[in-house]
Amino acid sequence: MTHLPTSSFPALLVGLPILLATLSLFFGSKGRAVVGLAGSLLTTALSLIAIAEVTRRGTVIHILGGWDPPLGILLRIDPLAAVFIGMLALVGVFISLYAWWYFRVREADTGGLPQFWPLWLFLWAGMNGLFLSNDLFNLFVTLEVVGISAVALAVLSGKTTALTAGLRYLLAAITGSMAYLFGVALIYGSTGTLDISLLGQVLEPGATTTFALLVITLGLMIKMAGFPFHFWLPPAHSAALAPVSALLSALVVKGAFYILLRLWMEVFGVSLTYAAGQLIGVAGAVAVIWGSWQAFMQTSLKLIVAHSSVAQLGYLLMVFPLLILAPGVTTDSADWLSPAWTAGIYQVISHAFAKASFFLSAGIIIMALGHDRIESLRNLVGNMRITAMAIGLAGVSLIGLPPSGGFMAKWMLLKGIFLSGQWWWAPVVLTGSLLTAGYVFMLLRLAFAPAREMDTFRPVPKSLEVVALLLAIGSFLIVFPADFLIQFLESSAVFGSGIEPIMEGGEYGNN
Amino acid sequence: METYQIYSLTSAVLFVIGIGGVFITRHFIKKIIATMIMGGGVFLSFVSFAERDALTFADPVPHALVITGIVVAVASAAFALALARRIYQQTGDISFSNDK
Amino acid sequence: MTIVELITVIFLVVGCFFFLAGTLGVLRFPDLFSRLHALTKADNLGLGFIAAGMALHIASPWAALKILLIWLFTLLASSSTCYLIAHFQKEQDQLKNRKEGE
Amino acid sequence: MSLIIDGLLAILAIYLALQSLLAPRLTQSVFLFFAFGLALALAWIRLAAVDVAITEAAIAAGFLGVLFLDALRDFAPRIPAKNEAVQKQYSKSQTKSLFLPRLTLWAGLGLFLLIALEAVWKIPEGGGLTAAAGTLLPESGVENPVTAVLLNFRAYDTWLEMGVILIGLLAVFAAGGKMAYRKPGVASQDPLLRQVILFFTPVLFLFGAFLLYIGKTGPGGAFQAGVLWGAIGILLHLGGWPFIALMPRWLGQLLLTVGLGFFLVLGFLFMAAGGALFEYPPAYAGILILIIETLAAISIAAALSAIFALLNQIGEEADEIESTT
């Protein structure tokens, strides 16, 4: 991989936010907000320039310290990483704008939270580092940067529910990283390299590799709240402050998914079996049904949205069984790989926009009402037209109605499912959408219902509402550049690839 | 059996003790200790492989990784302790309630 | 076996004996003060013997000096911690007595 | 013979790990965990990982041990009545589990252990990177291969890790830690403790500096030195001189960030000059690494003592609430 063109952007994408985070520590609450917002805008601009560079030159790399792998660490932006960085930048900048106004209002009420901005910039840098890294151990370090700063953000409010949920989240995160790291130790011990590209060439199947795959998958599943390790997500995401909930749900969980996707497709091909793909698909399917049902049963807005995250992450796991081919099928003949990949990527992006918008809207409602019990959403349309619209649009994208990004994702997923002949996933997708429609329309029905008792809506800055609405609109706009996006992604080596598993019951069969 | 194998087998045992402990124990502090035991197991496996791959000196890369890992683990454990103590201070709880 | 080696072995054995005695004391003695006594006195003596034995064994003046320093620092640390723990216990006891007296 | 020693050490480590989770009283757990850390440190020595042994003893057993001990003030209070209530709550929640789920759990764990053991037993010889590191060692600017990996070959990891320490501190702040002046405690009035602190402060400083310098050629380096210097901060804090809280704000922030910041700015400078991030000219690598390590050690020391001070403060507030109610 070292023959690819080098570029400074990978180093800058991690270095700049950390530099600004460090700098912001020298300021008081107000100064930190200024540096933080400026840092977010700069990082977004930098991300977009970096992506432009990738569209021009293809995959670019950065060999840190000038030491080639396997001894050194290599950062690379391929189209897949570029898309994730772009998603992070676009959603991140809106969340930053929202946070700017949100904390100004909050500061007037209850005092500022000076830790938000440095932690958010550290988190951003960690996510960028995670998307860029090509080294298993470095991925662990970035996971920790992301994990600790994410939990720290989640407990910012200092309320008991947030602290308890935060500790649960943190313990899950540490357990997940340690499980991941054990897998890394075994991989290093059996190959002597940590570089993902090299590992793809040298890793041999065996009991050790299979176990490493197991613990790494386990660790990342805990981190991305995949079923049955979703228990920490709803309390943590619903108890956090609105901008934090948005970035945790929309962005942070995608980091672990990204690593899982990369490692399964680029490293562990030799050890994967058809059954492994089906198994993780089942976990995803249960998550879709269970999460949607739980969301349907909740009575407070943020808990609905948080449980809906469990379900939406389930769809991501359902991509895996499509990418691991049945014995005897070759990658060339599998015409469902491209739709499946498209479904995964679109699910990641559209969920990021829609969920961020949903959580930010919930924050606006809490700000206006002082609570988020859904029965008080009556006559939301009359009081806060923009927020009601944002919730409606985000909800439509989550359900997957056309012409939203969510529709694109679910449509492509169904297309992949039917082309591959794995029809048994289709009812899950449809049931999930139906349940999602259930809770979204329940919210909308309330929003349009005439007010019964007089819940007073306190005035909320229009700018907050506009940001939430823009994100919701964004989850629709992402459909338009679809052709360009897929074409761009197809220039990446990993996009559209599938695993031809070793024969079942072979020497290193399914154990 | 070689020296490194004693320790790599130990590392697997410690890892499983730790991961079991995280789920089985109730007290916050014990859960934190369990994650650190897990970490101890992971680091031991790294270092045992380093000893196996020694030439004139042991493989320095796992040693460096373990030093990094220990510091990272301690940072997260310190944060976990802070959370646990805050929760105890606010509610008097020493474990997660099961009603969720 | 040279004389030096013989002395080293004797020192190490004696050192281990004191450690054993100290550990036994910590486990068996009834109250904090006597336990502290066993821990700090016997163990430090044991460590001293082992340090002396190792210093003889290594036979390099610099290394011997380092070993001596290790022993001295341990002595300092353990005696001051012993004092602090004992002091704290005494204060607690006095508090308790006063409360009972009231 | 040596296999027997290793075997005993392994059994000891496993026993201590199990016991620290099973011990009925929290105090026992914490002390057994201490012992577990020291057993691991011995294991590192047996595996010729002296750098790791020092780090383990200093950070994992030492620093973390101090944090745990400090936490015992909350969780294992000396006032018996409260303790009983806590114990009751604890044992009540323990009896809730059912037989069948437990059996499945233990069976699952047993199976997991078996495949884990098989995985490490059957591990192929990967060969490691010893040879690669050995060949490039002369270009790294230092002679200790571990320092070369930490500060040069994989400097990026180390840099991010220093970020993690800083994030850890911010996180403790976020959890509600407040940097406040500790009341001048009993400790500072005790003449002996005063003398001990006065004596150990320069000794620890010297020893840290020694470890820092020796890291170039032998076991030691920024992390070990940072922890020792951090111990100075902890000692002073406990002795009633909370110098971190007393320091001007900007100075505290400078100490905390100088390691991370300098590391990065230097990296950017060399990148601007046409290299990669963290690529040093071989001729200056040695001296640059020493400067980076010194500043890193300062930042680590500041962060660790601040983390301790914050956690200690949480306990202090709890004590106050207790005494007022």
Side-chain angles (χ1 to χ4, degrees), chain A residues 6 8 10-12 14-15 18-19 21-23 25-26 62-67 70-73 75 113-115 118-119 122 125-126 129 135 137-138 141-142 144-145 148-149 151-153 155-156 158 163 166 182 186-193 204 206-208 210-212 214-215 511, chain D residues 112 115-133 135-136 139-140 149 152-161 163-164 166-168 170-176 249-250 252-254 256-258 260-261 264-265 267-268 270-272 275-280:
Chain A
T6 57
S8 299
L12 287 171
V14 185
I18 290 198
L19 189 67
T22 317
L23 202 67
L25 292 179
F26 287 90
H62 189 89
I63 302 171
L64 287 156
W67 307 103
L71 191 58
I73 302 171
L75 301 181
L113 288 167
Q115 313 309 334
L119 281 170
F122 271 122
D135 181 281
F137 185 79
N138 183 245
V141 183
T142 57
E144 286 292 289
V145 170
I148 301 182
S149 40
V151 181
L153 286 167
V155 301
L156 268 182
L163 291 174
F182 194 49
L186 292 173
I187 298 282
Y188 181 81
S190 52
T191 61
T193 177
E204 307 243 321
T208 312
T210 307
F211 185 72
L214 175 70
V215 280
N511 61 348
Chain D
F112 191 63
I115 56 173
L117 287 174
E118 191 201 359
V120 292
W121 181 252
K122 285 190 179 165
I123 189 160
E125 293 262 357
L129 291 169
T130 328
T135 338
L136 291 172
E139 294 172 43
S140 69
V149 175
N152 204 338
F153 301 146
R154 294 182 70 95
Y156 177 61
D157 273 346
T158 310
W159 171 69
L160 273 180
E161 172 200 2
V164 171
L166 193 57
I167 295 170
L170 288 174
V172 176
F173 266 117
R249 220 177 109 86
W250 64 269
Q253 266 127 359
L254 189 69
L256 284 172
T257 54
V258 67
L260 189 72
L264 179 63
V265 169
F268 275 170
F270 284 116
M271 199 164 82
L277 192 68
F278 306 129
E279 182 171 358
Y280 318 123

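So you know, we letter chains A, B, ... as the sequences are listed, proteins then strands, and number each from 1. What you are looking at is a predicted structure, and each value in this text was computed from that prediction instead of being measured.
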Do the non-hydrogen side-chain atoms of Phe122(A) and Val164(D) ever get within less than 4.5 Å of each other? no
Heavy-atom proximity to chain A below 4.5 Å, by part of Trp121(D): neither
Side-chain contact test, heavy atoms from C-beta onward, threshold under 4.5 Å: evaluate it for Arg249(D) versus Phe26(A) and give yes or no. no
Would you say that Leu214(A) contacts Phe112(D) through its side chain, given a criterion of any heavy-atom pair below 4.5 Å between the two side chains? yes
Under 4.5 Å, counting heavy-atom pairs only, tell me which of Ile18(A), Ile63(A), Leu156(A) racks up the most with chain D. Ile18(A)
With rounding to the nearest 0.5 angstrom, report the OG1 to CG distance, Thr22(A) to Leu260(D). 4.5 Å
Any chance you could measure Leu160(D), atom CG, to Thr142(A), atom OG1, to the nearest 0.5 Å? 7.5 Å
Under 4.5 Å from any heavy atom of chain D, what part of Ser8(A) do you find: side chain, backbone, both or neither? both
Would you check if Leu136(D) and Leu71(A) make a side-chain contact, meaning some heavy-atom pair closer than 4.5 Å? yes
Give, as side chain, backbone, both or neither, the part of Leu23(A) having an atom under 4.5 angstrom from any heavy atom of chain D. neither
Give, as side chain, backbone, both or neither, the part of Leu264(D) having an atom under 4.5 angstrom from any heavy atom of chain A. side chain
Out of curiosity, Asn152(D) CG to Trp67(A) CH2, how far, rounded to the nearest 0.5 Å? 5.0 Å
For Pro124(D) and Ser190(A) the tightest heavy-atom approach is CD-CB, 3.2 Å
Can you tell me how far the NE2 atom of His62(A) sits from the CE atom of Met271(D), to the nearest 0.5 Å? 5.5 Å
For the pair Leu19(A) and Phe268(D), evaluate side chain to side chain contact (heavy atoms under 4.5 Å, CB included) and give the outcome as yes or no after the intermediate values. CA-CA 10 Å; Leu19(A) 189 67; Phe268(D) 275 170; 4.2 Å; yes
Heavy-atom distance under 4.5 Å to chain D: side chain of Val215(A), backbone, both or neither? side chain
Under 4.5 Å between any side-chain heavy atoms of Leu166(D) and Leu25(A), yes or no? yes
So for Leu163(A), is it side chain, backbone, both, or neither that comes closer than 4.5 Å to the heavy atoms of chain D? side chain
Would you mind checking which part of Leu75(A) comes under 4.5 Å of any heavy atom in chain D, side chain (CB onward), backbone (N, CA, C, O), both or neither? side chain
Locate the shortest heavy-atom distance separating Ile148(A) from Ala171(D); write the atom from each residue and the value. CG2-CB, 4.1 Å
Within a radius of less than 6.0 Å around CD of Glu204(A), do more than 12 heavy atoms belonging to other residues, nucleotides or ligands occur? no
What is the distance from atom CD1 of Ile123(D) to atom OG1 of Thr191(A), rounded to the nearest 0.5 Å? 8.5 Å
Taking the side chain as every heavy atom from C-beta outward, state whether Phe211(A) and Val120(D) have any pair of such atoms under 4.5 Å apart. no
For chain D, the option from Gly192(A), Gly65(A), Pro70(A), Ala11(A) that forms the most heavy-atom pairs under 4.5 Å: Gly65(A)
To check you understand the geometry: which heavy-atom pair defines the closest contact between Leu186(A) and Ala119(D), and what is its length? CD1-CB, 4.5 Å
May I ask you to test the Asp135(A)-Tyr156(D) pair for a side-chain heavy-atom distance under 4.5 Å? no
With respect to chain D, which residue among Val145(A), Ile73(A), Val141(A) yields the maximal number of heavy-atom pairs within a distance under 4.5 Å? Ile73(A)
Between Glu125(D), Arg154(D), Glu139(D), the one whose heavy-atom pairs under 4.5 Å with chain A are most numerous: Arg154(D)
Cut-off 4.5 Å, heavy atoms of chain A, and the answer for Ala155(D) is neither
Give, for atom CG of Asp157(D) and atom CG of Leu64(A), the distance between the pair rounded to the nearest 0.5 Å. 9.0 Å
Sort out for me which of Ala133(D), Ala116(D), Gly275(D), Gly163(D) touches chain A most, counting heavy-atom pairs under 4.5 Å. Ala116(D)
Just by distance, do the side chain of Gln115(A) and the backbone of Ala174(D) share a donor-acceptor pair under 3.5 Å? no
